[in-house]
Amino acid sequence: MLDSVDVAIVQELQKDARLPNKDLADRVNVAASTCVVRHRALRDRGVITGYHAEVDLTAVGRPVQAMIAVRVRPHTRAIVEPFMEYVLSLPEVLAMSHVAGPEDFLVHVAVADTAHLQRLVLDRFTTRREVSEVQTNLLFEHVRKHTVPPIG
């Protein structure tokens, strides 16, 4: 369980992972030495799993985003695991979810334009033997929350 100090540290780091320890300690109202120990403990316990830089997809030439829903057959571990590895190896893929429901996978992609999206779907997905169905949904806007408070 996380106490109020742990929650405050996690929330502040989600807002700015580059926050210096002294500033973090000031924001959560603890001594700098306490803050560094708590921060390290959160990493050691696996609460904080990493840090990354946000990238503007338009600035790197990938302004078009889509969700590709994929159904594979047969839906077995022998098919699912290699398929997931393959999809995650594609440079256009931002994220992938193995889901329950009519689709087996939701794949979030970012590409240069709709022609690139069409090539990706036709050349990288529908050509695979295990893929039985593909549905592509163009995203008009993608907004991501940057903070995830604990529940409870």
Side-chain angles (χ1 to χ4, degrees), residues 1-72 75 77 80-121 123-125 131 133-152:
M1 294 300 293
L2 302 178
D3 66 15
S4 61
V5 173
D6 291 336
V7 169
I9 290 171
V10 169
Q11 287 177 328
E12 291 300 325
L13 289 173
Q14 286 181 104
K15 292 176 195 170
D16 182 1
R18 297 180 60 180
L19 195 61
N21 185 66
K22 180 188 178 310
D23 295 341
L24 178 59
D26 288 345
R27 289 187 187 181
V28 301
N29 201 28
V30 296
S33 59
T34 300
C35 190
V36 77
V37 169
R38 291 290 196 106
H39 186 180
R40 183 178 302 119
L42 288 165
R43 287 192 317 264
D44 292 345
R45 291 172 32 210
V47 175
I48 296 174
T49 59
Y51 307 91
H52 71 279
E54 291 268 338
V55 175
D56 181 326
L57 293 169
T58 300
V60 295
R62 296 167 60 176
V64 176
Q65 294 182 61
M67 291 298 287
I68 302 173
V70 182
R71 184 179 296 175
V72 297
H75 189 191
R77 187 175 306 279
V80 165
E81 289 177 356
F83 181 74
M84 290 179 72
E85 288 178 31
Y86 167 75
V87 170
L88 290 171
S89 76
L90 298 173
E92 295 89 351
V93 173
L94 300 176
M96 175 182 195
S97 298
H98 186 196
V99 298
E103 295 87 18
D104 297 317
F105 297 97
L106 295 176
V107 183
H108 183 188
V109 300
V111 294
D113 52 38
T114 56
H116 184 175
L117 179 59
Q118 182 183 32
R119 285 191 308 275
L120 176 66
V121 170
D123 299 340
R124 301 290 187 214
F125 285 92
V131 173
E133 187 176 328
V134 174
Q135 291 183 339
T136 305
N137 293 291
L138 191 62
L139 300 181
F140 291 130
E141 186 173 4
H142 175 73
V143 180
R144 182 177 159 270
K145 287 179 69 173
H146 295 281
T147 59
V148 181
I151 295 176

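The structure presented is a predicted model; accordingly, all values stated were derived computationally and were not measured. By convention here, the first residue in the shown sequence is residue 1.
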Can you tell me if [atom1] on [X] sees more than 12 non-hydrogen neighbours from other groups inside 6.0 Å?
X    : atom1 : value
N29  : CG    : no
R45  : CZ    : yes
Q118 : CD    : no

Nearest-0.5 Å distance, [atom1] of residue [X] to [atom2] of residue [Y]:
X    : Y    : atom1 : atom2 : result
T136 : L117 : OG1   : CG    : 5.5 Å
T49  : L42  : OG1   : CG    : 11.5 Å
K15  : L24  : NZ    : CG    : 11.0 Å
Q11  : T147 : CD    : OG1   : 7.0 Å
S89  : M84  : OG    : CE    : 12.5 Å
F125 : I68  : CZ    : CD1   : 4.5 Å

Legend entry - Verdict with supporting geometry, H39 and I48, side chain to side chain contact (heavy atoms under 4.5 Å, CB included): CA-CA 8 Å; H39 186 180; I48 296 174; 3.9 Å; yes
Of all heavy-atom pairs between [X] and [Y], which one has the smallest distance, and what is that distance?
X   : Y    : value
V36 : N21  : N-OD1, 3.4 Å
A32 : A25  : CA-CB, 3.7 Å
Q65 : A110 : CG-CB, 4.1 Å
V64 : A112 : CG2-O, 4.0 Å

Inset, instruction - Would you list the pairs meeting salt bridge (Lys or Arg N to Asp or Glu O under 4.0 Å) in which at least one residue belongs to residues 24-35, sequence neighbours left out? - result: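 Non-adjacent pairs meeting salt bridge (Lys or Arg N to Asp or Glu O under 4.0 Å): E12-R27, K22-D26.
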Inset, instruction - Name all pairs fulfilling the salt bridge (Lys or Arg N to Asp or Glu O under 4.0 Å) condition that reach into residues 85-104, sequence neighbours left out, sorted by first residue then second. - result: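 Sorted result for residues 85-104: R73-D104.
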Inset, instruction - For the pair D23 and D16, evaluate side chain to side chain contact (heavy atoms under 4.5 Å, CB included) and give the outcome as yes or no after the intermediate values. - result: CA-CA 11 Å; D23 295 341; D16 182 1; over 6 Å; no
Inset, instruction - Kindly indicate whether the side chain of V109, heavy atoms from C-beta on, has any atom under 4.5 Å from the side chain of L94. - result: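 They are not in contact (no side-chain heavy atoms under 4.5 Å apart), so the answer is no.
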Legend entry - Side chains of M67 and Q135 in contact at under 4.5 Å (non-hydrogen atoms):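 Not touching, per the 4.5 Å side-chain cut-off.
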Inset, instruction - For R18, enumerate each residue passing the salt bridge (charged side-chain N to carboxylate O under 4.0 Å, His left out) test, keeping only those at least two apart in sequence or located in another chain. - result: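 Not a single residue meets the salt bridge (charged side-chain N to carboxylate O under 4.0 Å, His left out) criterion with R18.
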Legend entry - Partner residues of R71 under the salt bridge (charged side-chain N to carboxylate O under 4.0 Å, His left out) criterion, sequence neighbours left out: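 Only E133 meet the salt bridge (charged side-chain N to carboxylate O under 4.0 Å, His left out) criterion with R71.
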Legend entry - Residues in side-chain hydrogen bond (donor to acceptor under 3.5 Å, both in side chains) contact with D6, at least two apart in sequence or another chain: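 Partners of D6 by the side-chain hydrogen bond (donor to acceptor under 3.5 Å, both in side chains) criterion, ordered by chain and then number, come out as R38.
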Inset, instruction - If a pair satisfies ring pair (Phe, Tyr, Trp, His ring centres under 6.0 Å) and one of its residues is in residues 81-112, list it, with sequence neighbours excluded. - result: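 Applying ring pair (Phe, Tyr, Trp, His ring centres under 6.0 Å) to every pair that reaches into residues 81-112, excluding sequence neighbours, yields H75-H98, F83-F105, H98-F105, H108-H142.
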